[in-house]
Number of protein chains: 2
Amino acid sequence: MKTADPELMRAINRLSVLDTIRRHGPISRVEISERTELSTTTVSAITASLLDDGLILTRHEGDIRNEAVRGRPRVMLEVNPDAARVVGAKIAASRMVFVVTNFRGDVLSTLTLPIRIDRQPIAVIADLVEDGVRRCVVDAGLSLEDVDTVCLGLPGVIEHRTGHVRSSPIFRETNIDFAAEMSARLSTPTIVESDAHAITLAHHWFGKARELEDMVLISLEQTLGLGVLHGNRLFRGAGGLSHNLGDLVLGMGAQGIVRLSSQAGESAILGEKQTDGRFAEAVRLGRGMTHVQALIQADDDRLIAAAVRAGEAVGITIANIVTLFAPPRVILVGSSLALGEPFLNSLRDAYALAVPPSLKGVSELVFDDSTDDFWAQGAAAVALYELYESPWSTTGPAL
Amino acid sequence: MKTADPELMRAINRLSVLDTIRRHGPISRVEISERTELSTTTVSAITASLLDDGLILTRHEGDIRNEAVRGRPRVMLEVNPDAARVVGAKIAASRMVFVVTNFRGDVLSTLTLPIRIDRQPIAVIADLVEDGVRRCVVDAGLSLEDVDTVCLGLPGVIEHRTGHVRSSPIFRETNIDFAAEMSARLSTPTIVESDAHAITLAHHWFGKARELEDMVLISLEQTLGLGVLHGNRLFRGAGGLSHNLGDLVLGMGAQGIVRLSSQAGESAILGEKQTDGRFAEAVRLGRGMTHVQALIQADDDRLIAAAVRAGEAVGITIANIVTLFAPPRVILVGSSLALGEPFLNSLRDAYALAVPPSLKGVSELVFDDSTDDFWAQGAAAVALYELYESPWSTTGPAL
DNA sequence: GTGATTTAATTTGCCTCACGAAATAAATCG
DNA sequence: CGATTTATTTCGTGAGGCAAATTAAATCAC
């Protein structure tokens with residue numbers, strides 16, 4: 001247990017105030033005081049320090065409850081967009097997406113590199129990532145010195161605390177200290193995080209879990225990932241490890257262990273050689289569920305059967321996750337959603353069947369087909385969160 | 001996020017100190033200061049208050065590092081055993097075990113009632129439990145007024161925060177407010193907790209996870225339960241729900257969903273009518289693995305096959321849990337361990353096969369065949385933890 | 001317009017907490 | 001018996017939070 005001292009106290013309350021300002025837009029001090037249950041005195045002191053550090057701004061217009069309200073008008077406070085810049089990235093097997101955001105999480109520029117980096121040597125991947133980051137930063141009219149943190153979201157088992165990639169489908173090698181590698185190349189602090197965690201935070205900050213403090217997200221991409229939000233923070237397993245759902249075992253088949261990845265991974269469904277590649281292309285682009293549906297209707301039954309089988313496997317897995325975590329909401333994201341109705345229906349049916357009766361109705365399934373930008377934005381949010389959380393100038397110079 | 005004030009600060013540090021004293025036996029103030037990283041001044045203040053409240057005691061002997069050390073001798077501090085009494089209980093389908101412990105968790109009296117309460121009406125069960133608590137308290141030479149808290153550990157899905165039993169194999173009804181019912185009957189604060197959580201805490205306090213802050217426990221009884229220790233505290237899912245592993249789905253069989261409970265629950269293995277009951281008896285008593293082994297050797301192959309199949313299912317499940325939580329240790333407890341080698345070997349094999357290669361070696365499997373007393377003691381520990389954690393006289397009367 | 005009223009934010013005074021430095025306590029050593 | 005050593009307590013300071021009082025900046029009433 002961490003030892004508590006006044007500084008920690010301040011850090012906690014500071015974060016609480018800053019987070020309240022971030023979440024509830026322009027907001028007055030009184031309202032912050034109500035929401036955080038801190039006294040107005042304390043809120044004033046903290047906001048003064050935040051203003052002093054340039055993390056927030058005042059705005060004198062915009063009191064919504066205006067129109068003939070007596071009394072001194074409230075001064076609205078909001079996060080200073082320009083207090084920091086971060087880069088977020090989603091590194092996937094067949095593409096990389098970068099975003100630059102400001103301190104508020106607004107996207108300043110986006111860059112998509114549709115390159116298959118799958119199984120390239122580390123050095124090549126690192127080169128490409130470095131290039132992408134630099135170009136995206138230039139696109140935003142900035143220089144790397146203006147960037148405070150970079151966060152790379154990638155699939156696989158990642159140790160967030162140390163930045164080690166224990167294993168990832170995009171790396172041939174295992175146990176790479178990718179954070180150190182990229183920090184050195186970019187000479188900017190670089191965080192490595194599971195892509196699933198990144199989009200989990202994205203949904204908490206900007207998406208479909210804004211109002212929840214507990215939630216589970218399942219990402220269905222080439223790799224199957226899991227993100228758990230617990231008490232407004234990412235649950236990162238014991239050792240800070242990310243979760244790799246694809247490794248889950250569904251049972252014993254004829255030739256041994258059957259893992260989820262063999263049933264529901266992108267490659268498992270597409271089967272590469274079995275179909276003509278048009279379908280794979282559509283899924284890869286993440287576009288046009290209608291297009292895919294048309295393909296499915298026209299295509300052979302094998303593909304539909306694969307989609308149904310995958311949906312079943314995922315549905316059961318979700319039920320199992322719900323059994324363990326009982327979250328109020330489960331968000332499903334990822335390219336596999338583009339498989340359309342056959343997949344989704346079979347998923348829903350399997351879930352309904354597999355969820356324990358005692359937990360029926362506890363968790364709500366939500367499907368989300370955000371673009372890759374959103375994942376990258378989530379990575380940016382991970383970086384921002386670390387900035388928010390860092391004491392920064394808690395013990396700054398006196399004014 | 002909870003708002004931080006000086007009182008919270010003190011509460012945190014107080015708990016930290018008290019917990020350090022509990023865990024590290026008689027211990028001096030200097031050593032507490034080292035372990036908690038609090039200043040000796042603060043430790044002195046806090047211990048003074050703890051002494052004042054009668055929660056700890058001083059002892060002037062017992063400095064281990066003795067033998068001609070110069071300087072003022074250390075005064076050892078230890079938890080005052082008599083600062084509180086709690087009752088812990090394990091309520092299972094075929095028996096109830098009660099313990100009364102002191103503030104240190106030492107068992108003062110034990111009572112086992114080998115009654116099958118399975119599917120009795122609530123009122124009957126409540127009667128029996130009430131009776132058991134009262135008798136055990138009398139056995140300890142106490143009266144119920146001397147008891148600060150009662151904690152009942154039972155199988156099923158339990159909402160710890162509210163004391164609601166959402167579903168339990170020992171209740172016909174669902175959604176019982178059992179905590180309120182028993183609190184009223186005993187006129188003593190009563191906590192209801194999952195039995196798996198109870199024994200998880202037991203292992204953290206007294207057993208095979210004393211030195212760990214993260215750990216996973218799997219209980220193999222009539223019901224299959226899960227306890228997760230995360231950062232020295234029980235991880236209770238989003239809504240404070242317990243986990244019911246038996247509801248996990250292993251796959252689709254011929255006639256629909258195959259749940260773990262149908263493969264590895266006690267009744268699934270014993271099959272009640274298939275065997276002659278001697279085996280079931282032995283397992284139920286939790287005694288004599290050798291006896292059981294002898295029975296298995298003498299018995300028909302069907303039983304062994306069932307044990308092997310169960311072991312396989314559990315092994316896979318453990319691998320899946322490890323995939324999700326990556327704990328440094330997994331402790332296995334419960335009556336099913338008495339199945340002996342066929343079960344354990346198949347479990348180990350299935351686990352080794354099913355655990356993802358990237359996590360190989362991360363988690364260590366530990367088997368534990370404690371008696372039911374230990375479970376009840378864990379329930380007592382849950383009660384004690386709440387006492388430890390409660391601010392109590394943080395803002396007590398000035399001396 | 002000018003003062004009363006109302007609401008927001010800041011200032012003042014007080015309390016708790018943690019901590020470092022100095023003082024005190026209780027041993028052993030020579 | 002005094003010097004030395006180590007543990008614990010006392011004292012003084014600074015940081016933090018909060019309630020109450022005060023100041024600020026509007027609207028309203030006439």
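These numbers come from a predicted model, not from an experiment. The basis for the numbers below is simple: all heavy atoms, side chains too, and nothing from hydrogens, waters or symmetry mates. Below, read A as the first sequence line, B as the second, and so on, with proteins coming before strands; counting in each chain starts at 1.
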P73(A) has its side chain closest, among dC28(D), dA27(C), dA26(D), to dA26(D)

Which of dT9(D), dA18(C), dG16(D) is nearest the side chain of M9(A)? It is dG16(D)

What integer distance in Å separates [X]:[atom1] from [N]:[atom2]?
{"X": "R10(B)", "N": "dC19(C)", "atom1": "CZ", "atom2": "P", "value": "10 Å"}
{"X": "L38(A)", "N": "dG16(D)", "atom1": "CG", "atom2": "P", "value": "13 Å"}
{"X": "I12(B)", "N": "dG17(D)", "atom1": "CD1", "atom2": "P", "value": "13 Å"}
{"X": "R29(B)", "N": "dT8(D)", "atom1": "CZ", "atom2": "C1'", "value": "7 Å"}
{"X": "L77(B)", "N": "dT9(D)", "atom1": "CG", "atom2": "C1'", "value": "14 Å"}
{"X": "R14(A)", "N": "dA15(D)", "atom1": "CZ", "atom2": "P", "value": "15 Å"}
{"X": "E37(A)", "N": "dG16(D)", "atom1": "CD", "atom2": "P", "value": "21 Å"}
{"X": "R72(A)", "N": "dT11(C)", "atom1": "CZ", "atom2": "P", "value": "10 Å"}

Residues which pass side-chain contact (heavy atoms from CB on, under 4.5 Å) with D19(A), listed by chain and number, not counting sequence neighbours
R22(A), R23(A)

If you pin A4(A) and E31(A) to their nearest nucleotides in DNA chain C, which one's is more 5'?
E31(A)

Find which nucleotide of DNA chain C each of T42(B) and S28(A) is nearest to by heavy atoms, and output the residue with the more 5' nucleotide.
S28(A)

Strictly below 4.0 Å: does R74(B) bring a side-chain N or O up to OP1 or OP2 of dA7(D)?
yes

So, does N13(B) get its side chain near the phosphate of dA18(C), meaning an N or O under 4.0 Å from OP1 or OP2?
yes

Enumerate the protein-to-nucleotides 19-22 of chain D contacts in which both atoms are nitrogen or oxygen and the separation is below 3.5 Å.
unit_1: dA19(D); atom_1: N6; unit_2: T41(A); atom_2: OG1; d: 3.2

Any salt bridge between E211(A) and R329(A), counting N to O under 4.0 Å?
yes

Quick one: label V75(A) by what it contacts on the DNA or RNA (base, sugar-phosphate, nothing), any heavy atom closer than 4.0 Å.
sugar-phosphate

Could you check whether A48(B) gets within reach of a base, just the sugar-phosphate, or nothing at all, counting any heavy atom under 4.0 Å?
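Answer is nothing: A48(B) stays at 4.0 Å or more from every strand.
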
Measure up the F235(A) and F325(B) rings against each other and bin them: parallel (under 30°), tilted (30 to 60°), perpendicular (over 60°).
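Perpendicular, since the angle between the ring planes exceeds 60°.
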
Per the salt bridge (charged side-chain N to carboxylate O under 4.0 Å, His left out) rule, what does the pair list look like for residues 99-108 of chain B, sequence neighbours excluded?
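The answer is R104(B)-D106(B).
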
Starting at the 5' end of DNA chain D and moving along, which residue's nearest nucleotide shows up first, P6(A) or V30(B)?
V30(B)

Is there a side-chain contact between V150(A) and I191(A) in this structure, where contact means two heavy atoms from C-beta onward sitting under 4.5 Å apart?
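They are not in side-chain contact.
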
With side chains defined as the heavy atoms from C-beta onward, is the minimum distance between L142(B) and R85(B) less than 4.5 Å?
yes

Apply salt bridge (charged side-chain N to carboxylate O under 4.0 Å, His left out) to residues D53(A) and R14(A) and explain how you reach the verdict.
CA-CA 12 Å; D53(A) 294 339; R14(A) 215 178 126 97; 3.0 Å; yes

